[in-house]
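Scroll down for the structure; my scribbles are underneath it.
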Amino acid sequence: MIKINRPTCPNEKALASGNYKHPENKKALSEASNDKCMYCESKISHIDFGHVEHIKPKAEDKYPELTCEWSNLGYVCPKCNNKKSDKYHQDQPYIDPYSECPADHLYALGWLILQKNGSERGEITIRDIDLNRVELIEKRQTRIMEIQKAMDACYRTQNKTLRDAAIKQLHAESSPDKEYSLFVKSMLDTHSGQTSSI
Ligand SMILES: [Zn+2]
């Protein structure tokens, strides 16, 4: 999970009329997160259509008044949405990457995401949305091993042009538009002293 800047709502009329999944609004949310799920950073559109979902559940007994509230909508993959379902803890709300900095609560260790500094909200978010589920760990491992290969190429080449290209490639792979960028960035930060000195 990484910080996402919430875009302005392009079609407030549709939202006000109850259509919280209007294509224009969905597109804005999708673009804001680079087509990635707000929780797990998986790219959505090539495996699914992607969903505009409610951060606080719209269920009758929860927050029905927030059904068409722009600040309560996010771009979520079906699996995270399914895990989250209508769960919500008023005292310990899930980390909302649109309105706060996930890095205050969560960090990447290898291919795992863990809570930081004893954050209960971080722990509950990871647990309820199952952010270390098997398929996510497998995908993160694949990404990290790709980066490892590129990093090896950095260290092993004596050709400056090739080395510079490899370093550039490494840093581009941690940009927010890439899948699982939190994990790639964490890995690169671990090695940053070494890669920058090459
Ligand atoms: Zn997800």
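Indexing begins at 1, ligand by ligand and atom by atom, following the structure's order.
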**Asked** CD of Glu120: more than 12 outside heavy atoms within 6.0 angstrom?
**Response** no
**Request:** Keeping waters out of it, list the protein N, O or S atoms under 2.8 Å from the Zn ion (ligand 1).
**Result:** Cys37 SG, Cys40 SG, Cys77 SG, Cys80 SG
**Asked** Is there a side-chain contact between Lys149 and Cys154 (heavy atoms, below 4.5 Å)?
**Response** no
**Asked** Partners of Tyr94 by side-chain hydrogen bond (donor to acceptor under 3.5 Å, both in side chains), sequence neighbours excluded?
**Response** Asp128
**Request:** Report the residues that fulfil salt bridge (Lys or Arg N to Asp or Glu O under 4.0 Å) with Lys27, sequence neighbours left out, ordered by chain and then residue number.
**Result:** Glu31
**Message:** Tell me which pairs pass ring-ring contact (aromatic ring centres under 6.0 Å, His included) where either residue lies in residues 107-137, with sequence neighbours left out.
**Reply:** none
**Fill in**
Correct closest heavy-atom pair for Pro64 and Ala59 would be CD-O, 3.3 Å
